[in-house]
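The block underneath contains the structure these notes are about, expressed in structure tokens.
Chain letters run A, B, ... following the sequence lines, proteins first and then strands; every chain starts at 1.
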There are 2 protein chains.
Amino acid sequence: MRLTNTKSVKQGIRAVAARAGVSTASVSRALNNPDAVSPSLRARIEQAIEALGYIPHAPARILSSRRSRTLGAIVPTIDNTMFARGIASLQQYLSSVGYMLFLTTSGYDLDVELQQARNLISRGVDGLVLRGDCHHDGLRKLLADNAVPFINVGIYQPDRPYPCVGTNNEAAAHRAAAHVIELGHRRIGIVSALQRNNDRASARVAGFRRALAERGLELPPQWHVEVPYTLDDAREAARHLLNLKDRPTAVVCGNDVIAYGVLLEAERDGFSVPRDLSVVGFDDLDWSRHLRPSLTTIHVPTGETWQRAGEYLVRSLAGEQTIMHREIDFSLVVRESTAPPPKSLK
Amino acid sequence: MRLTNTKSVKQGIRAVAARAGVSTASVSRALNNPDAVSPSLRARIEQAIEALGYIPHAPARILSSRRSRTLGAIVPTIDNTMFARGIASLQQYLSSVGYMLFLTTSGYDLDVELQQARNLISRGVDGLVLRGDCHHDGLRKLLADNAVPFINVGIYQPDRPYPCVGTNNEAAAHRAAAHVIELGHRRIGIVSALQRNNDRASARVAGFRRALAERGLELPPQWHVEVPYTLDDAREAARHLLNLKDRPTAVVCGNDVIAYGVLLEAERDGFSVPRDLSVVGFDDLDWSRHLRPSLTTIHVPTGETWQRAGEYLVRSLAGEQTIMHREIDFSLVVRESTAPPPKSLK
DNA sequence: GTCTAGATTGTAACCGTTTTCAGATAGTGC
DNA sequence: GCACTATCTGAAAACGGTTACAATCTAGAC
């Protein structure tokens with residue numbers, strides 16, 4: 001049998017109510033909707049809360065109200081400047097509107113993502129923030145079955161029936177490639193992130209390819225390399241690409257970290273950037289403007305993107321009508337790593 | 001009045017129980033302690049769960065069981081490789097033992113940290129992971145009043161009554177400074193992170209200073225600079241230090257990002273590292289070995305540190321007796337950024 | 001002074017689990 | 001075959017809040 005002392009309640013809202021000489025309903029109201037109780041009552045209750053050091057029990061609140069004021073986010077990894085940025089920004093926004101964030105990671109694994117989503121829903125989140133639109137089939141069903149609002153972030157797909165917010169990666173990549181083409185390059189290589197289960201990466205590759213195709217430029221297979229996540233991987237791929245007998249004069253990269261790898265490897269092999277080789281990145285991480293040569297890249301406002309995702313969900317949950325597909329502008333930032341190709345190789 | 005259809009329960013454990021023809025108690029047992037129910041029952045229940053797509057409601061579970069299998073972590077910022085690393089590692093460990101992590105940020109503000117702690121406790125976390133041992137007075141009281149287990153991570157203070165896990169920052173910093181002293185440097189500058197509300201930063205400064213003091217070396221005030229968080233801040237400070245008429249021949253830095261700033265600024269001002277200037281970092285971020293010159297620094301196993309913190313709490317919560325103060329070894333990684341001082345300035 | 005609308009407060013059911021306790025069932029030694 | 005355990009299972013009371021509804025109170029309007 002559970003010990004229940006009917007005389008005195010040691011904690012909880014009932015203790016506060018008892019001390020303030022009011023009902024639990026009033027305490028609850030004072031907490032959630034202060035205007036609904038008279039100033040005098042409110043003062044008494046606040047004083048009792050203070051005196052008892054009362055902290056509301058969120059799980060009970062969630063259970064009773066069916067709302068948690070908590071969002072869940074599933075990112076591939078937190079150990080990546082882009083995501084860390086985004087999450088920080090999202091979290092800051094959410095906390096400013098009284099929401100909390102449950103953060104989990106999927107490690108780029110769709111099954112894990114599904115599992116994490118189940119986890120978060122179980123936890124009672126009011127909505128979910130997902131990366132991209134490349135998900136397990138079961139995930140959509142799960143979201144639909146449980147009527148969980150969600151948004152795909154980091155991509156822009158106005159034609160899809162799911163909400164999303166992000167830059168148009170295809171267009172941005174196209175812009176990046178167009179930049180080196182405009183500089184006069186005709187021999188352009190691509191070093192992209194792994195495209196598998198990563199629609200962002202593949203959209204960028206598509207943009208690069210379209211830019212080349214529009215100018216009738218060839219892309220020999222050996223000039224397109226895909227690399228995993230680390231700088232070491234990027235360096236290795238770059239080394240390979242730079243040592244081809246027939247090497248490109250410019251390399252467009254799927255993200256800045258990859259570009260760093262190309263830059264480092266180029267330096268190591270004695271190529272001068274941008275004299276011998278032009279390099280374009282994508283994301284515009286902090287480092288990119290500090291590097292020497294500084295990196296020409298596509299600037300993507302990650303913080304804004306994720307904050308908008310939060311705004312979308314919070315507003316939807318508040319019953320407001322909001323834009324389902326929001327495009328976030330990118331911009332090309334031209335720095336030192338790009339220049340016209342050497343005359344001899346033009 | 002709430003609508004309650006007494007005939008059919010649409011969801012929840014009762015729906016599962018009804019479908020399987022068992023009591024809710026059995027379903028709960030099948031979920032939490034499978035061995036406690038007979039295989040046949042378990043099979044029936046599992047099938048019902050599957051058929052209904054049942055997802056347990058964690059808040060209700062927490063409310064009832066008084067345990068959330070969730071830990072809270074409060075870090076200054078997530079947008080910092082060190083913390084991102086640590087959090088990623090902690091999260092991975094926790095998920096491997098069936099725990100979840102509630103992550104919040106304090107922005108280096110003690111009041112915010114206290115508020116976040118309140119928030120997390122309200123959320124029902126079973127324990128708290130904190131950064132360092134520099135907290136608001138109210139925080140300890142809060143933790144004590146609510147009997148919330150916690151651990152300070154990133155520091156090692158065996159003499160304190162609070163659990164902690166981390167490297168001995170003072171000793172590690174001492175080692176870093178000793179390294180350049182051993183190389184023959186006598187004119188050594190310090191560029192540290194802000195010490196206010198940051199015991200890690202101040203322990204490092206203390207270690208640097210002790211190493212200098214032990215060899216009887218002077219530290220003119222203008223040779224010790226404190227900088228905020230960004231690379232830009234570090235560069236500005238470095239520029240100032242390097243342009244002193246009477247400048248040091250070696251600089252020990254409070255962390256790697258600061259060291260990058262010094263390195264970049266040195267290059268910009270035409271100093272050659274390590275010929276004209278030796279630089280030592282602290283943390284050993286990924287970049288440090290890729291940079292040119294690569295950075296001599298103190299390697300700190302961040303991932304292990306945070307995982308240990310998780311282990312400590314999980315074990316404590318399981319009732320196991322565990323070590324309260326755990327020291328994590330650091331190591332000096334000598335790379336290209338340090339060398340004996342130029343003869344002329346020795 | 002009575003009546004009514006509106007503002008405030010209280011009562012108690014309910015949110016979806018876990019868990020105690022007791023009852024039912026099956027297995028064992030004699 | 002019987003009493004006696006050891007195992008399973010079920011009924012129902014919590015857990016700590018929210019909130020629908022009822023009850024009370026207040027202030028004008030007449």
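In this structure, the CG atom of Leu31(A) is 12 Å from the P atom of dT19(D), given to the nearest Å. The nearest whole Å value for the distance from the CG atom in Asn33(B) to the P atom in dC8(D) is 11 Å. As a whole-Å value, the separation of Ile13(A) CD1 from dT11(C) P is 14 Å. Atom pair Leu52(A):CG and dG17(D):P shows a separation of 12 Å (rounding to whole Å applied). Arg44(A) places its CZ atom 13 Å from the C1' atom of dT8(C), with the value rounded to the nearest Å. The separation between Asn32(B) atom CG and dT17(C) atom P is 11 Å, rounded to whole Å. Between the CZ atom of Arg66(A) and the P atom of dG17(D) there is a distance of 18 Å, rounded to whole Å. Atom CG in Asp35(A) sits roughly 9 Å away from atom P in dT8(C) (whole-Å rounding).
Distance from the side chain of Arg14(A) is smallest for dA13(C) among the nucleotides dT17(C), dG10(D), dA13(C). Comparing dG17(D), dG10(C), dT9(D) against the side chain of Ser26(A) picks out dG10(C) as the nearest. Closest to the side chain of Val37(B), from the set dG17(D), dG10(D), dT9(D), is dT9(D). Proximity note for Thr24(B) (side chain, C-beta onward) versus dT19(D), dT18(C), dG17(D): the nearest is dT18(C). The listed nucleotides are dG16(C), dA11(D), dC8(D); the one nearest the side chain of Ser38(B) is dC8(D). When each of dT19(D), dC15(D), dG17(D) is scored by its nearest atom to the side-chain atoms of Ala60(A), the top-ranked nucleotide is dG17(D). Side-chain proximity of Ser23(B) to dG10(C), dG10(D), dG16(C): nearest is dG10(D).
Shown here are the salt bridge (charged side-chain N to carboxylate O under 4.0 Å, His left out) partners of Arg85(A), two or more places apart in sequence or in another chain: Asp286(A), Asp79(B). Judged as a salt bridge (charged side-chain N to carboxylate O under 4.0 Å, His left out), and not counting sequence neighbours, the contacts of Arg160(B) are Asp133(B). In this structure Glu327(B) satisfies the salt bridge (charged side-chain N to carboxylate O under 4.0 Å, His left out) test with no other residue, sequence neighbours excluded. The salt bridge (charged side-chain N to carboxylate O under 4.0 Å, His left out) check on Arg308(A) picks up Glu304(A), Glu311(A), with sequence neighbours excluded.
One cannot find a donor-acceptor pair under 3.5 Å joining the base of dG16(C) and the side-chain atoms of Arg61(B). The base of dT18(D) is not paired with the side chain of Ser65(A) by any donor and acceptor separated by under 3.5 Å. One donor-acceptor pair, N or O on each side, does fall under 3.5 Å between the base of dG10(C) and the side chain of Arg29(A).
Here the closest heavy-atom approach between residue Arg118(B) and residue Leu142(B) is recorded as N-CD2, 3.8 Å.
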Under 3.5 Å, which donor-acceptor pairs do the side chains of residues 97-104 of chain A form with other protein atoms, sequence neighbours left out?
from, atom 1, to, atom 2, distance (Å)
Tyr99(A), OH, Arg67(A), NH2, 2.8
Thr104(A), OG1, Ala73(A), O, 3.4

Under-3.5 Å N/O pairs linking protein and nucleotides 25-27 of chain D:
none

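By the 6.0 Å contact criterion, CZ on Arg196(B) is open, its count of non-hydrogen atoms from other residues, nucleotides or ligands being 12 or less.
In this structure, Arg19(B) forms no cation-pi arrangement with Tyr54(B), as its terminal cationic atom is not both closer than 6.0 Å to the ring centre and no more than 45° off the ring axis.
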